[in-house]
Amino acid sequence: MKSMLLCNYIVGALGALVGAAIMNAASAFPMAFTQNGPGPGFWPFSLGGALFAAAIVLLGYTVLNKKELAEQTVALTTDSNKRVYLLMGIIVVFCGLISVLGFFAAGLILIPAIMLLMDFHDKKVIAMATIGTLAFIYIVFSLVLGTKLPQSIFLG
C-alpha cells in the first residue's frame with residue numbers, strides 16, 4: 001500500500017511531462033486555422049495542453065491537501081489495477097506495431113485484445129466490432145478527410 005500523496009505526485013509529474021511532450025511534438029505541425037479548419041497540430045497540442053493543465057491542477061490539489069492525502073492509502077496490486085496495467089501494456093505494444101504493421105493491421109490486433117481483456121468472448125461480435133470500427137476509421141479519416149494513416153514499414 002502506498003500513500004495517495006506519493007501517487008498524486010507521481011501521476012501529476014508524469015502527466016505534466018507527457019502533456020509537455022505532446023505539446024512539443026504537436027508544435028512541429030501547423031496549427032493555424034484555414035478555410036478547412038485548424039491545422040494538423042491544433043488538436044494534439046490542445047489535448048497535450050489539457051493533460052498538462054490537469055496535471056498541474058492535481059499537483060496543486062496535492063500540495064494543498066498534503067496531510068489528508070498522506071493518510072489515505074492506495075492498493076496498487078488489486079486484480080482491477082492489474083487489468084489496467086495490462087491494458088496500458090497493450091496500448092504501448094499497439095503504438096509500436098503501428099510503425100511496423102501499419103495502423104489497420106495493428107488495429108486488427110488491438111481491438112480484439114482489448115475486448116478479450118474486458119472478458120468479452122463472443123467471437124462473432126468481436127469480429128464485427130473490429131471490422132466495423134476499422135471500416136468507420138477508414139471511411140471517415142481516409143476517404144472523407146483524406147488523412148494518410150500510418151502504413152507498414154514493409155510497404156514503405
Side-chain angles (χ1 to χ4, degrees), residues 4 7-62 74-156:
M4 182 66 82
C7 291
N8 279 5
Y9 280 133
I10 292 170
V11 169
L14 288 174
L17 287 172
V18 170
I22 291 170
M23 289 188 301
N24 183 51
S27 67
F29 297 96
M31 287 188 240
F33 280 78
T34 66
Q35 70 270 14
N36 297 325
F42 179 81
W43 291 115
F45 188 89
S46 299
L47 291 173
L51 177 58
F52 184 83
I56 297 304
V57 169
L58 176 62
L59 290 171
Y61 172 83
T62 303
V74 177
L76 297 173
T77 58
T78 64
D79 288 339
S80 299
N81 285 346
K82 289 177 184 176
R83 190 175 285 208
V84 171
Y85 307 144
L86 185 55
L87 179 60
M88 290 175 174
I90 289 170
I91 291 171
V92 168
V93 169
F94 170 72
C95 292
L97 287 176
I98 286 176
S99 62
V100 176
L101 301 176
F103 178 81
F104 291 104
L108 283 173
I109 297 168
L110 173 75
I111 296 168
I114 290 175
M115 291 180 80
L116 290 169
L117 178 65
M118 297 299 136
D119 286 333
F120 194 86
H121 298 285
D122 186 334
K123 290 177 179 34
K124 287 182 182 177
V125 174
I126 290 173
M128 290 187 315
T130 301
I131 292 167
T133 301
L134 294 175
F136 177 80
I137 291 169
Y138 176 75
I139 291 167
V140 170
F141 288 96
S142 295
L143 298 180
V144 175
L145 297 174
T147 305
K148 186 175 180 185
L149 294 169
Q151 293 184 345
S152 170
I153 58 173
F154 301 113
L155 299 175

(request) Check Asn81 against Leu76 and note the closest heavy-atom contact, atom names and distance. (result) CB-O, 3.5 Å
(message) Minimum heavy-atom separation for Ala55 and Gly15, please, with both atom names.
(response) CB-C, 3.6 Å
(message) Tell me whether Ser152 contacts the main-chain N or O of Val100 through its side chain, where contact means a donor paired with an acceptor under 3.5 Å.
(response) yes
(message) Just to verify, what does Asp119 make a side-chain hydrogen bond (donor to acceptor under 3.5 Å, both in side chains) with, not counting sequence neighbours?
(response) Arg83
(message) To check you understand the geometry: which heavy-atom pair defines the closest contact between Phe52 and Ala16, and what is its length?
(response) CD1-O, 3.3 Å
(message) Within the 4.5 Å heavy-atom criterion, are Ile109 and Phe94 side-chain neighbours or not?
(response) no
(request) Compare every heavy atom of Leu87 with every heavy atom of Met118, then report the nearest pair and how far apart it is. (result) CE-CD2, 4.5 Å
(request) To the nearest 0.5 angstrom, please state how far the CG atom of Leu51 sits from the CG atom of Leu14. (result) 10.0 Å
(message) On a heavy-atom basis, which atom in Leu116 and which in His121 lie closest, and how many Å separate them?
(response) CD2-ND1, 3.5 Å
(request) Mark yes when over 12 heavy atoms from residues, nucleotides or ligands other than Phe141 sit less than 6.0 Å from its CZ; otherwise mark no. (result) no
(message) Once side-chain hydrogen bond (donor to acceptor under 3.5 Å, both in side chains) is applied, do any residues pair with Thr130, and if so which ones, sequence neighbours excluded?
(response) none
(message) Tell me whether Tyr85 at atom OH has more than 12 heavy atoms from other residues, nucleotides or ligands lying less than 6.0 Å away.
(response) yes
(request) Quick one: pull up CG in Leu149 and OH in Tyr138 and give me the separation to the nearest 0.5 Å. (result) 10.0 Å
(request) Under the ring pair (Phe, Tyr, Trp, His ring centres under 6.0 Å) rule, what do Phe42 and Phe33 come out as? Steps first, then yes or no, please. (result) CA-CA 9 Å; Phe42 179 81; Phe33 280 78; 5.0 Å; yes
(message) Working to the nearest 0.5 angstrom, can you tell me the gap between Ser142 OG and Phe104 CZ?
(response) 4.5 Å
(message) To the closest 0.5 Å, what do you measure between CG (Leu117) and CD1 (Ile90)?
(response) 4.5 Å
(request) Please report the shortest heavy-atom distance between Leu59 and Asn8, naming the atom on each side. (result) CD2-O, 4.1 Å
(request) Would you give the length of the straight line joining atom CD1 of Ile114 to atom CG of Leu86, rounded to the nearest 0.5 angstrom? (result) 10.0 Å
(message) Using side-chain heavy atoms (C-beta onward) and a distance below 4.5 Å, is Leu101 in contact with Leu108?
(response) no
(request) Drop me the distance from Ile131's CD1 to Ile111's CD1, to the nearest 0.5 angstrom. (result) 10.0 Å
